[in-house]
Amino acid sequence: MMQTTPKPTREKRRHTPKADLSNLYQRAFREAFLKLDPRIMIKNPIMFVVLVGTMITALLTVNPALFGSYEGGNSYLFNGLVTLILLFTLLFANFAEAVAEGRGKAQADALRSTKSDSIARRILNDGSLENVNSTNLRRGDRIQVIAGDMIPADGEVLEGVASVDESAITGESAPVLKEPGSDVASSVTGGTRIISDELIIQITSDPGQGFIDRMIALVEGAQRSKTPNEIALTVLLAVLTLVFLIVVATLPPIANYINSPVSITILVALLVALIPTTIGGLLSAIGIAGMDRVAQFNVVATSGRAVEACGDINTLVLDKTGTITLGNRLAEEFIPVNGHTAEEVAAIALAASIFDNTPEGKSIVRLAEKMGATLSFNPETAEGVEFSARTRMSGTDLSNGGEIRKGAVDAIRGFVRSRGGQPPNDLQSAYEGVSQMGGTPLAVCEDREIYGVIYLKDIIKTGIRERFDQLRRMGVRTVMLTGDNRITAAVIAKEAGVDDFIAEATPEDKIQVIQSEQAQGKLVAMTGDGTNDAPALAQANVGVAMNSGTQAAKEAANMVDLDSDPTKLIDLVTIGKQLLITRGALTTFSLANDIAKYFAIIPAMFASAGIGDLNVMGLQSPQSAVLSALIYNALIIPALIPLALKGVKFRPLTANQLLQRNILIYGLGGVIAPFIAIKVIDVALLFIGLA
Amino acid sequence: MNFIMKNQKMPLLLFLGLLLNVAIAPGVYAASNGDLNRSNAYAIGLLGIVIFGLAIYLALVIMQPEKF
Amino acid sequence: MLQGFFQIVLFMVILVAIAPLFGRYMAIVFLGQKTWLDPVITPIERLILNGSGVLSAKSMTGRQYIQAVLISNLMMMVFVLAIFLLQNRLPLNPTELNAPSWDLALHTVISFTTNTDQQHYSGETTYSYFSQMGGLGFLMFTSAATGIAVAIAFIRGLTGKPLGNFYTDLIVSITRILLPISIVGAIALLIAGVPETLAGPAQITTLEGANQTIALGPVAHFEIIKQLGENGGGFFGINSAHPFENPNNFTNLLETIIMLVIPAGLIITYGILADNPKQGWLIFWMVFILYAILIFITAWGEFQGNPLVNNILGESQPNLEGKEVRFGPALTALWAVSTTGTMCGAVNGMHDSLMPTGGFATLSNLFLQIIWGGQGTGTAYLFVFLILTIFLTGLMVGRTPEFLGRKIEKREIVLASIILLVHPIAILIPAAIALAFPETLSGISNPGFHGISQVVYEYASAAANNGSGFEGLLDNTLWWNLSASFSLLAGRYIPIMALIFLADSVARKQPVPETTGTLRTDTPLFTTVTAGAIVILGALTFLPVLALGPVAEAFNLIPTL
C-alpha cells in the first residue's frame, strides 16, 4: 500500500491548518434540508415544536377546513404562506448550525489532511521491524521514524536526536529538536514530520485518541456534549416553550366563549412567535462556533466544559519565565566589585561569554562590545566551558591556563574559594542590589579574582501589564510562580502587575497554591509544561499544557496550547466568557422580542373582540400582522448568525458595566427593534399586495 | 423520546387510538354544539393528543436536558 | 378625589414606617436572639410544649422538611374535615346548621389549609361557631405559620445555612409573631366596635316594624388573624365589607396595614438574614413601586367612573357600585390591590364591580403573586424571579451565574422553572375547560369578557392562594369545588416543595468568593432589570387572557378611548 503524501510547500504550512471554506455555504444549505429529519430535530426542543407546528399548518394548507371552518377568505394562500415561513424558520436554524459545523469540519479536514494513514515501522520484541498501517498502532508500541517520515501518532522519544517540523500543527516554521529524556523535547505529536536523522518513539495514544483526533472531534461537534450552562439554559428555554404551549393551547375555548374563534393556523403562528426560536435556532451554532474559535487559537481543548470553565476562572497561576517575562534575560549593566572598573568587568564578561551561544550570553557580548571591551586573547586558542546544572556556571579556558567563569553568585564564590581566593565584601551588596531591581545577578571571575556582577535583566513582555489589568477588571486574580529569590520576585511582580507571587517555588508549591485557592471556592487555571507540572495541571480546574511540554503534562491538562504560548490563557478566558455572553444576550433578545410579537398578533387574533386599539404598530390587516411577525421571527435567525458565530464582543469591564451595556443592547434593543422591523415588513407586504 | 417509545410503540398507539375514538372525539363533538362535523372532531382530538405529546416531550427535556 | 389621594399616601407612609420594624423583629426571632416578648412568652411556651423538645429540634434536610410540611398539613386537613362533617353533633352551633356537602367541606378545608380561604359559601349560614373558631380559626394560624416557616427555611438555604426545623419554626411563628400581634389587634378591633360573642344571632324589629335576624359571632379575633395571616376567609359572607367585620375607617386602616406588614416586612427580614440589608431594601422599593403603580391604575379607574353610568347621569361620578360608602373608591381600590397583592383575599368591596382597570390590576397581582406576595411564599417567589434574572444576566456578563456566592446551575433552574409552570397549569388549563362548557360548568353570571375574568380570577385566586373572589360566580358546585381544590393544592404544595429543594440544593453548594467579575445583585440596575423580567415573564404568560378579559372589556366600555 503506497500512500504518498504530497510534500507541502512551506508557504502552505506557514500557518495553522488553513481551513478550506469554499463551498461552505452550499454544503450548509444542503445540510439545512437534511436536518429537517424529525429524528434529528427532536434533539432541539424548540425547533422540534416549530416542526410540529409546520406540519399542522401544512395539513391546513391542503385542507383549510380540517379543524372546522373559520371566517376569513383565501385561507389556502394564508395557510400556505404561514407554512412556508415556518419552513424557512426551520431551515434558517438548521443552516446556522450547519454553517458552524461546516467551519468546524473544514478546520478538522485541514487537520486530518496532515494525518493521513501511513505505513509505520513497528519494532518487534526481537528488534526486527515490521511495516504496519499507522491506524493499527497501539499505546505502548515502539516505532522507528526516519527523516522524511510523518510521525504517525503522539509519542515519547526513546532514542535518537532529530529535528522535527511541527509547522503543520503549530504554524512555527523552524524545526524543533527532539531528544529523549529532556522534559520539553521528548514528546512528539502525530502529524508532524521528521526532517533529519531518526528516532525511536514509544506511542502514547491509541488510534483516534491523539490530540489531533480530539481536536477534530471537538470542532466537528461530533462529540460535543452540552456544557453545564448550556444545559441549564436548555431547561429554561424548554420551560418557556411549555408555558407558551399551555398559553396557546388554552386559548381556543376562551376565544370561543366570546364568539371570536381563532383559526389553528394563527394559533400555531402565535406559538412559534412566542417560543424563543431565535436562541433555540442558534444555541448549538454558538457552542460549535465557540469550540471552533478555540481551535483557531491553536488550542486543543478536551471538552467544551473546560472552555466554558475558562470564563469562570477566579485565579490564574502563571510561571514567570516564558509567560510574564521573555524566556531570555538580557544583560543590562556591569557592576564592578573589589575596586575594579566597569570596563574591566566588561572585558572579563566578554571573555567568559564568547563561547556562550545562549541569548543571555549573546546579550552579554553585545553589551560588553558596546562598552568598548575587546578580547585579550585569540578565541581560536581558547576553549569554551559549557554550562551545566551541576556547576551552574560556564566560561572559557585560556591557552595560558587561565580560567574565566561566569555563573550564579554562589557558584562563583565556591569556584574562587576552591582556587584559593577570597570573595570580596562588596559582592553581597552588588548581588542584593541587582535582586532588588528584579534582575538576575551573575558573578564573573578570572581565576581567584571576582571582578563584578552582571545584571541580567528580566524583560517583562510588552503589553503583559495591560492584560493583567484587564484580567483584574474581569475579576481574575493572577499569581506568579518563580524560582527566583523573594526580592527579585517581588520586583517583577510589581512591575508586571500581578496580584500575588510565590518566590523560590517548587512544583509542590504549585499544587498547594491551587488547592488553597480551590478551598475558598475559586476556580483556578494554570499553565505548565514540565513533567512535574502534571499533578498541578490535573488539580487545576483549567490546566493548559504547552505543546512543547512533556507527554505527562499534556495528559494531565484539559487543554493543550499548540503554540506553547502561556499568555493564551487570557484569550481562553475571553472565549469562555464570550460563549456565555452570547447565549445570555441572544436569550434576552429572544424573550424581549415577544412583546412586539404579542402586540402584532393578539389584536389581529381577536379583531372581533374590539381590542383593535392594541394594534399600536398600525399594521394593515390581521393577515399581514401575523405574517409580518412570523417573517420577522424567521429572518432574525439568519440576521444573527454572524453574531452567533463570532460571539458577542467581550469587553474587559466590571460585571455591572457589562450588564448595563448588554441589557441596553439586547434587552431594550430586543424590545424596540422588532416593533420597527415588523412595521417595515408590514409595509413591504402591503407593497407586494399580501396585506 | 425514543427510549420510551421503542418498547411500547404499538400498545401506546392502540391506546391513544382507543382514547381518541371513545372519549376525545365524541367529547369534542359534543362540546361543539354541532358547529363541527365528525371528521373535524377527530382532527381536533388528534391535535389535542399531539399537543399533549409535545407537553410530555418538553417535560422530559426539562427533567433530562442532557439527552437533548 | 384629593381626599382619596391623601388617604392612600398616608397609608403608604405608615406602611413604609412600620413594615421594617416588623421585618427586623422577625429577623431577631428567627436568628434565635432575645426579644422583648421573651419574658412573657417563654414561660407559656414552656408550659405548653414542656418536654416535647420541639423548640430546640435539630435542623432538617430538604426531604425531611417537605415531609414535615406535607404530613402536618394533611393531618390538619383530616382533623378539620372531621369537624365540618360532624358540626351538627358538635357544640357551639346556635343556629343548628347541618353538615355541609362533602365537596364543599373538602374545598373549604383545602382552601384554608393552603392559606387561601377561598370561600364557596357564606360563613354565617354554613359553618357553626365551633367550625369557624376550632376549625377555620386553627387553620388560619397554622397555614400562615407554615408559609412563614417555609420562607424562613428558603432564606436560610439561600444564604447557605441549614434549613432549620419545620416544627420549631411553625411554633415560633405562631407564638412569637402571629399570636402576639393578633391579641393586640383583636383588642383594638373590639374597642373599635367589632363584636366578639358566642351568643346566637340577634332578633331585631326594624324601624319599619319588620323582623330581622342579625348574625353575630366571635368576629374580632377571627378578623385579625384573617388579615394578619393573609387568610382572608371572612366570618360573614361579604367579608370585610360587612359592618361587623370592618365597621369604620379606623378598622379599615388597621386591617389594610395588618395584611401588608408580614409580607412587606419579610423582605427586610431577608436582607438582615442574608447580611445584606441593602438588597432587602432595594427589593422592598421595587415591589413598593409596582404596588403603587397598580394602586394608581385601580384608583384612577374607579374615580373615572363607569362611562355608561356617567352618560345617563350627564356628569362624571366615581364608580360606587359594589362599594361601601363609608370607604369610598380610594380605600376600596387600595384594599383591592393590597388584598390581591398579599394573597390575603379579604375584600371590603366587590371586585366584580371594579372597573376593568381594577380587574386588570387585581388579576395581574394574582398572576405575578410577588407584589408583596403571600405569607412567606411571596418573598420566596420574589427570589425565584431573582434567581431566574440572575441566570440570564449572569450569562450576559460571562460567568456562571451566582447568587449570594452560590452558583445557579441546572438543578436550581429546573426547580425555579417548575414554579413558573405552576400558574399556567393551575389557572389556564382549568379555566379553558370551564369555558369550553359554559352552560354545564362555568356558572358565569355576566357573560362576555367579564365572564372570562370571573372564571380566570377564580382559578388565579385559588392557584395564587389568595382566596378573594371576583364573585358573581355560582361556585358551590361539584365542578368548582373540585377543580378549584386542584388549583389550590397545585398552587400551594408544588412551589413549596420546589422552594425547599431549591434552598437545600443551594445550601449544599460551595460558596464562591466575590470578585469584580461577579455580578452584584444589590444594585439599582440589577433590581430594575429584575422588575423588568418579572413584568415581562408575567405579561408573556397572561397577556392573552388579560387581553380577552379586562382589556377587551375596557375597550368595549369606552369605545372612544
Side-chain angles (χ1 to χ4, degrees), chain A residues 228-229 231-233 235-236 239 242-244 246-247 249-258 274 308 311-312 314 472-477 520-522 576-578 580-581 583-585 587-588 591-592 594-595 598 602 606 609-611 613-614 650 654-656 658-660 662-663 666-667, chain C residues 388 391-401 405 408-410 412-414 417-418 420-421 424-425 428-429 431-433 435-436 438 448-449 451-452 456 510-513 515-520 523 525-526 529 532 536-537 539-545 547-548 551-552 555-556 559 561:
Chain A
N229 278 315
I231 288 173
L233 186 58
V235 172
L236 185 66
V239 166
L242 185 51
V243 167
F244 291 132
I246 295 172
V247 168
T250 53
L251 260 184
I254 301 177
N256 286 343
Y257 174 74
I258 47 160
L274 290 183
E308 200 178 84
D312 283 345
N314 299 93
R472 196 169 303 110
R473 257 175 286 154
M474 296 179 204
V476 181
R477 212 167 72 91
Q520 299 166 42
K522 296 181 182 173
K577 284 188 182 295
Q578 247 186 338
L580 298 188
I581 295 177
R583 286 194 199 119
T587 307
T588 309
L591 289 180
D594 279 1
I595 297 177
Y598 255 136
I602 292 275
F606 304 120
I611 52 172
D613 288 314
L614 280 186
F650 175 74
T654 66
N656 284 334
L658 211 55
L659 174 64
Q660 189 163 6
N662 287 338
I663 208 83
Y666 299 99
Chain C
L388 290 173
F391 180 69
L392 278 185
T393 51
L395 288 183
M396 266 200 287
V397 300
R399 276 176 80 86
T400 298
I408 309 289
E409 286 163 309
K410 177 201 145 197
E412 288 70 47
I413 293 297
V414 170
S417 305
I418 285 173
L420 268 194
L421 268 172
I425 291 174
L428 295 179
I429 292 177
I433 296 173
L435 286 167
F449 307 119
I452 292 177
V456 171
Q510 154 105 32
V512 183
T515 67
T516 50
T518 312
L519 182 66
R520 292 195 67 89
T523 59
L525 171 70
F526 181 81
V529 174
I536 289 181
L537 279 178
L540 290 183
T541 313
F542 293 105
L543 196 74
V545 173
L548 287 181
V551 174
F555 279 125
N556 283 284
L561 190 84

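Numbers restart at 1 for each chain; the letters A, B, ... are given by sequence-line order, proteins then strands.
In this structure, Ile663(A) CD1 and Met396(C) CE are separated by 3.5 Å, a value rounded to the nearest 0.5 Å. Taken from CD1 in Ile595(A) to CG in Leu540(C), the straight-line distance is 6.5 Å, to the nearest 0.5 Å. The line from OG1 of Thr587(A) to CZ of Phe391(C) is 7.5 Å long, rounded to the nearest 0.5 Å. In this structure, OG1 in Thr518(C) is found 7.0 Å from CG in Asn314(A), a value given to the nearest 0.5 Å. Note: Leu435(C) CG to Ile254(A) CD1 = 6.0 Å, rounded to the nearest 0.5 Å. Between the CG atom in Leu395(C) and the OG1 atom in Thr588(A) there is a gap of 8.0 Å [rounded to 0.5 Å].
Residues Leu392(C) and Leu236(A) have side chains in contact (heavy-atom distance under 4.5 Å, counting atoms from C-beta outward). Within the 4.5 Å cutoff, no side-chain heavy atoms of Val397(C) are placed close to those of Ile581(A). Under the 4.5 Å side-chain criterion, counting only non-hydrogen atoms from C-beta, Pro253(A) is not in contact with Ile433(C). Here the side chains of Ser417(C) and Val235(A) are in contact, with some heavy-atom distance below 4.5 Å. Using a 4.5 Å heavy-atom cutoff, the side chains of Ile452(C) and Ile258(A) are in contact. Between Phe244(A) and Pro424(C) the shortest side-chain heavy-atom distance does not fall below 4.5 Å.
When heavy atoms are compared at a cutoff of 4.5 Å, Leu388(C) approaches chain A solely by way of its side chain, counted from C-beta outward. Of the two parts of Pro511(C), only the backbone, made up of N, CA, C and O, holds a non-hydrogen atom closer than 4.5 Å to a non-hydrogen atom of chain A. Looking at Asn656(A), the atoms closer than 4.5 Å to chain C (heavy atoms on both sides) sit in the backbone and in the side chain alike. Both the backbone and the side chain of Val414(C) come within contact range of chain A, with heavy atoms under 4.5 Å apart. For chain C, the nearby part of Arg472(A) is the backbone; its heavy atoms alone come within less than 4.5 Å. Proximity to chain A is limited to the side chain of Ile536(C), based on heavy atoms less than 4.5 angstrom apart. Within the 4.5 angstrom heavy-atom criterion, only backbone atoms of Glu409(C) (N, CA, C, O) approach chain A. At a 4.5 Å heavy-atom cutoff, the contact between Ile602(A) and chain C is made by side-chain atoms alone.
Comparing Leu421(C), Thr393(C), Leu537(C) by how many heavy-atom pairs each has under 4.5 Å with chain A, the most go to Leu421(C). Comparing Val512(C), Leu420(C), Leu548(C) by heavy-atom pairs within less than 4.5 Å of chain A, the highest count is held by Leu548(C). No other option in Ala655(A), Gly584(A), Ala255(A), Gly667(A) has as many heavy-atom pairs under 4.5 Å with chain C as Ala655(A). Among Leu251(A), Leu591(A), Val243(A), the residue with the largest count of heavy-atom pairs under 4.5 Å with chain C is Val243(A). For the options Val476(A), Leu658(A), Leu274(A), heavy-atom pairs under 4.5 Å to chain C are most numerous at Leu658(A). Of the listed residues (Val239(A), Ile611(A), Asp312(A)), the greatest number of heavy-atom pairs within a distance under 4.5 Å of chain C belongs to Asp312(A). Ranked by heavy-atom pairs under 4.5 Å with chain A, the list Pro544(C), Ala552(C), Pro401(C), Ala547(C) is led by Pro544(C).
The minimum heavy-atom distance linking Lys577(A) with Arg399(C) is given by the pair NZ-CG, 3.4 Å. Nearest heavy-atom pair across Thr541(C) and Val247(A) is O-CG2, 3.2 Å.
Listed by chain and number, the residues in a salt bridge (Lys or Arg N to Asp or Glu O under 4.0 Å) with Asp594(A) are Lys597(A) (sequence neighbours excluded). Residues satisfying the ring pair (Phe, Tyr, Trp, His ring centres under 6.0 Å) test with Phe542(C), not counting sequence neighbours, are Phe367(C).
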